[in-house]
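Just so it is clear, the model here is predicted, and its values are computed rather than measured. The chain is numbered in sequence order, starting from 1.
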Amino acid sequence: MAKDVGRTSAEVTRLSSESRRQREGSSNVGAFGSRTGDSDLVFLEGILPESNGTMMSDRSIDEQTVHCFDRLEEILAARGLDRSSVVKVTVQVTDPVDLSAVNDVYRERFDGAYPPRTTVGVSWLPGDAGVQFDVIAAAE
């Protein structure tokens, strides 16, 4: 790092190449990218309950979770993948009371073939959503 002292940000050499930086960012504040790298892993983050640029935060948590799954399936399909490609899910919820409803939708959508999952309680999500997914899928 010492070699970069006194340089402007434009002069500092980037450690990552263009192919390794996040691309295809969301317009929502807090969601910075949706794919990283050139491997068989696809990293998707910031999957929120939104439709045509409108956040569905006024809907029930069940509906918001269904919307997140619908968006996930659209994103995966655009890459030639489906839910069976999912290898890890991180679910973020703003109210722990909602976790039971999120779990019900999760069980329906994965139908017994559950990928590993981490659930995190957060104080806020973009657009005042109640739920958000981050997903890792494998393009095998």
Side-chain angles (χ1 to χ4, degrees):
M1 291 298 287
K3 67 180 180 180
D4 292 330
V5 173
R7 290 181 167 181
T8 67
S9 61
E11 297 172 318
V12 175
T13 304
R14 293 191 82 58
L15 296 177
S16 58
S17 68
E18 187 67 30
S19 66
R20 294 285 181 205
R21 292 183 12 221
Q22 291 180 323
R23 304 181 289 283
E24 302 172 25
S26 169
S27 62
N28 287 306
V29 174
F32 297 107
S34 57
R35 185 162 195 267
T36 306
D38 292 327
S39 73
D40 63 344
L41 293 178
V42 178
F43 297 85
L44 306 167
E45 58 91 28
I47 300 172
L48 291 158
E50 94 181 278
S51 178
N52 299 319
T54 302
M55 195 64 63
M56 302 295 157
S57 56
D58 61 337
R59 306 279 176 87
S60 72
I61 195 65
D62 307 67
E63 291 175 287
Q64 289 186 51
T65 306
V66 166
H67 239 50
C68 286
F69 270 108
D70 291 347
R71 290 204 62 232
L72 171 61
E73 290 169 3
E74 289 172 10
I75 294 166
L76 290 171
R79 290 176 169 78
L81 304 172
D82 59 27
R83 281 190 316 259
S84 68
S85 305
V86 174
V87 295
K88 173 76 168 76
V89 178
T90 301
V91 176
Q92 298 153 12
V93 294
T94 58
D95 188 342
V97 172
D98 293 336
L99 191 54
S100 176
V102 171
N103 286 340
D104 290 343
V105 176
Y106 194 89
R107 274 191 285 280
E108 287 175 18
R109 287 298 181 100
F110 280 111
D111 196 29
Y114 309 118
R117 181 180 96 176
T118 301
T119 303
V120 180
V122 297
S123 62
W124 178 85
L125 288 169
D128 290 324
V131 63
Q132 174 178 275
F133 295 167
D134 294 337
V135 175
I136 301 172
E140 300 182 82

- Query: Hey, is the main chain of G130 close enough, under 3.5 Å, to the side chain of Q64 for a donor-acceptor pair?
  - Reply: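 Confirmed, Q64 side chain pairs with G130 backbone.
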
Please check if the side chain of D134 supplies one atom and the backbone of G46 the other of a donor-acceptor pair under 3.5 Å.
->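 Yes: the side chain of D134 pairs with the backbone of G46.
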
Is any side-chain heavy atom of [X] closer than 4.5 Å to a side-chain heavy atom of [Y]?
X	Y	value
S51	M56	yes
L76	L44	yes
M55	D128	no
R109	R83	yes
T118	K88	yes
D98	V131	no

Classify the ring geometry of F69 against F110: parallel below 30°, tilted from 30° to 60°, perpendicular beyond 60°.
perpendicular

Could you tell me the separation between the [atom1] atom of [X] and the [atom2] atom of [Y], rounded to the nearest 0.5 Å?
X	Y	atom1	atom2	value
H67	I47	NE2	CD1	13.0 Å
T65	L72	OG1	CG	12.5 Å
E45	F133	CD	CZ	14.0 Å
D95	I61	CG	CD1	8.0 Å
L41	S85	CG	OG	11.0 Å

**Request:** State plainly whether one hydrophobic cluster holds both V120 and L125, where clusters connect Ile, Leu, Val, Met, Phe, Trp and Tyr through side-chain heavy atoms under 4.5 angstrom apart.
**Result:**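 V120 and L125: one cluster.
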
Nearest heavy atoms of L81 and A139, plus distance in Å: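 Where L81 meets A139 most closely, the heavy atoms are CD2-CA, 3.7 Å.
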
For V105 and D62 the tightest heavy-atom approach is CG2-O, 3.9 Å

### Task
Step through the shown structure and confirm whether more than 12 heavy atoms of other residues, nucleotides or ligands are within 6.0 Å of CG on D58.
yes

